[in-house]
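Notes follow once the structure below has been shown.
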Amino acid sequence: MYWSRTFIPTMKETPEGAEIPSHILMLRAGLISQVMAGAYTYLPMGLRSLSKAAQIVREEMNRAGAVELVMPAMSPIALWDQTGRTEAFGDVLVKLDLPRGGRKVRVVLGPTHEEIITDLVSRQISSYRQMPITLYQIQNKFRNEERPRFGVLRTSEFLMKDAYSFDTDLESLGRSYDAMYEAYCRIFDRCGVEYLPVEAESGPIGGDASHEFMIPSGNGEDTVVHCPQCGYAANTEKAEIGERRQQAPDVEMARIEKVATPGAATIEQVSQFLKCRPADLIKTLLYEADGKPLAVLARGDHEANENKIRRMVGADRLELAAPGTIERVTGAPVGFAGPVGMAEKIPIYADADIQFVRNGVTGANEADAHLTGVNPGRDFEPEAYADLRNATAGDPCPRCPSVLTIREAIEVGHVFKLGTKYSEALGARFADSKEQLHTIIMGCYGIGIARILAGLIETNHDAAGIIWSVPLAPYEVLLVPMKVKDEETMKIAQSLHDELEAAGVEVLVDDRDARAGVKFNDADLVGFPLRVVIGPRGLKEGKLEVKWRWDTETEMIDLDGAAKTLAGLIAEEKTTNARFRARDDNEKD
RNA sequence: CGGGGCGUGGCGCAGCCUGGCAGCGCGCCUGCUUUGGGAGCAGGAAGUCGAAGGUUCAAAUCCUUUCGCCCCGACCA
């Protein structure tokens, strides 16, 4: 391809509104163009990269034994009503009323496709002999995001690979799940992104039933908990905390005193008012577990983890108690609850760190008052101490003697053992060898294709622009003829272009009659991995000048056999990402 | 959904407070010179000042309403 015949609208300036590197660079490099909040056109360069990521995903899905199909974006809302997800998704679900013959047909644009695929399978699969099977598609999804942001990281319409496995028993589901997990690792390895599979909330099946694939990046929307020592990684909802090893400070237990704290109801206000650290406060959170009130204690500088609480008390539903309930239970307005002297006797659970608090501060169960000198064991005794809060940096690792770190990350993939939630609701059953009917057991596996690109750019760019890995680059080689008006130069460019194409290399020739600086800067901005300069300096010696995007040094190669040399370099880098990764290691330490 | 910011040629912005010819840089077009890291000179095209209503002799500017975009937070099967 020739630069002058394709469409690469690069920009010198950053469009207003773009904040993070991947968004800025995708716009400036002419990969995408915004149509409205959360909806982007993929321009030729962007589309090429997107398609290449999708193709890698497709190849690895196929290798893992999954089978491709395509479902419509549109589906009848009745299907979603059956699983209760019309309500669960709420406004995120894009709903349309289509006028047809004087009636309205109510449809939704799919945010995911469990309902559609399960409906299909319920009709077409009825025997254990037809399973296991994993079906997938690569298709645009629609979610009416409350707040689209960060370029292609959070959009209302996005390309996603979604796969669904159908199995007869849990053991078989485990094999289907593992095959997807391994395929995901291969996909992200091939793309050249650094990723971390992290344990995530597992839902109905429990156990080791869900992983998120994350690209650690400062601009990620999610946080992951990671132990660099043993590799333990989990998202914040899931992350366990190891045994708390600190001791209570060796100080005298003070007497409980009631102090007036007018208007100070939040942790910040109280700690400022009483001139103490948030860690000296014991906050008392009132929850309702399946409608029954309970109190949870956590240190002022910690965050309660509702999943952990819900699991511990074995409730189906857990929510913060309504203000009315709080007032009834504590006898005080919201913000002044404490474990000592509550109006109603309800179970109290405490995070493990509470046992090491000495002379803590708690609400007094009375408006505008707190208690100081509160000590666990002496002044109150919870039903149990347990791990009930979110992990923070420096907490003990649950799997080894080391400590945890917290990293921001971009979620690019998710694998999940679903169980029978959808097959149950939609009546997807099969007969076993004894003609007994069972509900099909499902798994679902998603990858956000555009997030792979954004994640790669987010973690691989410099001041000049994007640094693509060869497998995802819009073109693998950029030929830069210095003098496009020189016949000899252009002849060489053309024949090299043709030879490289014939050799299966994706090559672009910058045939614009522009100054060297313009062409070099655009080359760096769009980030083609291998740049080949055809100019008088080298040609005098029968040489071409070659430079990898991530290197600073150039290298001369012989014009004779150049196509073969270049094709060899690309073929090697494309399969190993070796140079790309080596660059990573140099830059990141 | 709460808080904040911004809408002025294709892009980035000034002008608004204090009403009086719609400007600057980049890009684009033509010509000449230049030519290995975003060239110089000369000439040129291109704007319903987001939209509607109001105040005024006069509105990009003041008032009201509205639409859109972005950021922070909440939310995210």
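Numbers restart at 1 for each chain; the letters A, B, ... are given by sequence-line order, proteins then strands. The figures here come from the full heavy-atom set of this structure, side chains too, leaving out hydrogens, waters and symmetry mates.
- A:Arg143 forms no cation-pi arrangement with A:Phe158, by the criterion of a distance under 6.0 Å to the ring centre and an angle within 45° of the ring axis.
- One atom, CZ of A:Phe150, and another, P of B:rC71, lie 6 Å apart when rounded to the nearest Å.
- Mapped onto RNA chain B by nearest heavy atom, A:Gly38 and A:Val518 fall at different nucleotides, with A:Val518 at the one closer to the 5' end.
- Remark: C1' of B:rC71 and CD of A:Glu146 are 16 Å apart, rounded to the nearest angstrom.
- Nucleotide B:rA42 forms a pair with B:rU30, judged by Watson-Crick or G-U wobble geometry with both contacts under 3.5 Å.
- Note: A:Tyr177 and A:His211 have tilted aromatic rings, judged against thresholds of 30 and 60 degrees for the angle between ring planes.
- In the interface, the side chain of A:Arg143 is not paired with the base of B:rC76 through any donor and acceptor atom under 3.5 Å apart.
- For the C1' atom pair drawn from B:rG15 and B:rA60, the interatomic distance equals 8 Å after rounding to whole Å.
- Between A:Tyr445 and A:Tyr181, the distance separating the two ring centers is not shorter than 6.0 angstrom.
- Side-chain N/O atoms of A:Glu13 and base N/O atoms of B:rG27 include no donor-acceptor pair closer than 3.5 Å.
- For B:rG36, neither phosphate oxygen OP1 nor OP2 lies less than 4.0 angstrom from any side-chain nitrogen or oxygen of A:Arg537.
- Distance CZ (A:Arg512) to C1' (B:rG36): 15 Å, rounded to an integer number of Å.
- Contact annotation: side chain of A:Arg28 to base of B:rG12, donor-acceptor pair absent below 3.5 Å.
- In this structure, A:Gly17 and A:Met482 both approach RNA chain B, and ranking their closest nucleotides by distance from the 5' end singles out A:Met482.
- Listed by first and then second residue, the ring-ring contact (aromatic ring centres under 6.0 Å, His included) pairs involving residues 528-549 of chain A are A:Trp548-A:Trp550 (not counting sequence neighbours).
- For A:Asp522, the side-chain atoms get nearest to B:rG38 when compared with the rest of B:rG38, B:rG37, B:rC69.
- Using the six-membered ring where Trp is involved, A:Trp80 and A:Phe89 have ring planes that are perpendicular, over 60° apart on the 30 and 60° scheme.
- Note: CD (A:Glu221) to C1' (B:rC71) measures 13 Å, nearest angstrom.
- OP1 or OP2 of B:rC72 has at least one side-chain nitrogen or oxygen of A:Arg147 nearer than 4.0 Å.
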